[in-house]
Participant: 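Provided herewith is a single structure, encoded as structure tokens, for subsequent inquiry.
Below, read A as the first sequence line, B as the second, and so on, with proteins coming before strands; counting in each chain starts at 1.
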2 protein chains.
Amino acid sequence: MPRRRSKPSESTIRRLSLYLRALEGLGEEGESTASSELLAGRVGTTAAQVRKDLSHFGSFGKRGLGYEVAPLQVHLKEILGLHRRWPVVLVGAGRIGSALFEYPHFGARGFEIVAILDRDPAKVGRRWGEVEISPMDELESVVHDRKAELAILTIPWDGAQDVAEALVAAGVRGILNFAPLQLRLPPEIEVNDVNLALEMEALSFALHLGGSQVDGVDARSGEG
Amino acid sequence: MPRRRSKPSESTIRRLSLYLRALEGLGEEGESTASSELLAGRVGTTAAQVRKDLSHFGSFGKRGLGYEVAPLQVHLKEILGLHRRWPVVLVGAGRIGSALFEYPHFGARGFEIVAILDRDPAKVGRRWGEVEISPMDELESVVHDRKAELAILTIPWDGAQDVAEALVAAGVRGILNFAPLQLRLPPEIEVNDVNLALEMEALSFALHLGGSQVDGVDARSGEG
DNA sequence: AGCTGTGAATATGTTCACAGCG
DNA sequence: CGCTGTGAACATATTCACAGCT
């Protein structure tokens, strides 16, 4: 268990995920070792940033050599909590819920959707693969029985706050929220918002501005 | 056209989207005016932050009173470039693409998916609503004819880089990218990544850590 | 009196640059 | 000799605190 040297930021954590994915790619390409500069190139950041990010969790590199691909992968998985299986409850059996249920990258990371809930009686009882859609009033028992600490919320905004509170009451500690509203939950509950319209709006802003002002001397243009 | 006072950060822009949505809610609730503190409460930030964010773009408030809901909504839409319609090309007619095609919040913001492309011949020719799925070799003509400057990429990683380059060559300036890989494009092209597995991993990290260390005296706990 | 708009102070995140290990 | 690990320098973002309009 590596000792933590200083507090990693949210952005550091998100980059760790990117490093992990990059390492998997490098592994498939047959590389057994990777320098901070190589990793940085793959994820679009700087070598110093890679080293600083990793240094929060330990000393994984070898001076003069770089990082060994396979062991670092293991370390990152452990740091991110991906060395275990995570049962997940999906609330909302609509289009987005369905897409996420099929999303291959969740399973590859140990996230397994073990239950689906929906308030629409027409959907209740249907099966998606192995999983049968349950009615909302089974929320508590399902979360409890399946020991789910993670939930994905893909329901319209009008039910979201109540459902989120019910999930927390039942034992959920982390929520991936697709409802376009700010959930009000105790601070110890981790909420990640995915706001798709907002992402488009950020693009729209950038393009809209483009004509009138560009003063970004952008550092992203690679070196070498 | 409000004068820009200093450079707004990426996070400022994202909060503007949240303010806009909050204002719409307030409007529906019949409020005609909103203080920075009220807005802050709705989107989970501080009053000072709201004022600072808005001040980058102009002076929209009245001292002693706050902001008028309807006019500020209009200003925000204009700032974000939402006073116009944005034709969007969707590349990838899979589960996620389908969910986004139906996503109601895009249309409400002026984003209209005017074309769908897919490399699977079995899908080409099918219709989703008014829109027929086109083969990939029509990419250039479709982007050009529909004057699409925005694209949404929901394809597996192995084709993504090439498709992104083709989109850019055809005139696209902004991409919402769901492929879990770092696109390498000219710096003037705006790319927003939505990495769903990464979002889950960030949750996993937080929960995993939870047992061993919690030193977040979290500012989010409201001020009475 | 109330609430905005904004410089100044603080906190946080990133980059530099180099000592030191392999 | 190369590349990591890291304090120190720098840059950016947030919060404070208050002058100034309404």
Participant: Rounded to whole angstroms, how far apart are CG on B/L54 and P on C/dT4?
Facilitator: 10 Å
Participant: Quick check: are there more than 12 heavy atoms from other residues, nucleotides or ligands sitting under 6.0 Å from NE2 of B/H144?
Facilitator: no
Participant: Write down the distance between CG (B/L38) and P (C/dG2), rounded to a whole number of angstrom.
Facilitator: 17 Å
Participant: For B/H56 and C/dG7, give me the distance from atom NE2 to atom P, rounded to whole Å.
Facilitator: 11 Å
Participant: Does the side chain of B/E199 come under 3.5 Å of the side chain of B/N195 through a donor N or O and an acceptor N or O?
Facilitator: no
Participant: Just how far, in rounded Å, is C1' of D/dT4 from CZ of A/F60?
Facilitator: 13 Å
Participant: Reading nucleotides 16-22 of chain D 5' to 3', which nucleotides get B (base under 4.0 Å from a protein heavy atom), which S (sugar-phosphate only), which -?
Facilitator: BB-BBBB
Participant: What pairs of residues pass the salt bridge (Lys or Arg N to Asp or Glu O under 4.0 Å) test when at least one of them lies in residues 81-92 of chain B, not counting sequence neighbours?
Facilitator: B/R84-B/E149, B/R85-B/E112
Participant: May I ask you to say whether A/E201 pairs ionically with B/R109, meaning some side-chain N is under 4.0 Å from a carboxylate O?
Facilitator: yes
Participant: To the nearest Å, how far apart are B/E10 CD and C/dT14 P?
Facilitator: 13 Å
Participant: Could you name each residue pair satisfying salt bridge (Lys or Arg N to Asp or Glu O under 4.0 Å) that touches residues 157-172 of chain B, not counting sequence neighbours?
Facilitator: B/R119-B/D158
Participant: Could you check how far CG of B/D53 sits from C1' of C/dT4, rounded to whole Å?
Facilitator: 14 Å
Participant: Does B/E24 have more than 12 heavy atoms from other residues, nucleotides or ligands lying within 6.0 Å of its CD?
Facilitator: yes
Participant: Determine the contact category for A/S36: base if any of its heavy atoms lies under 4.0 Å from a base atom, sugar-phosphate if only primed atoms, P, OP1 or OP2 are that close, otherwise nothing.
Facilitator: sugar-phosphate
Participant: Take A/Q49 and B/Y67, find for each the nucleotide of DNA chain C with the closest heavy atom, and name the residue whose nucleotide sits nearer the 5' end.
Facilitator: B/Y67
Participant: Measure from CG on B/L16 to P on D/dA13 and round the result to the nearest Å.
Facilitator: 14 Å
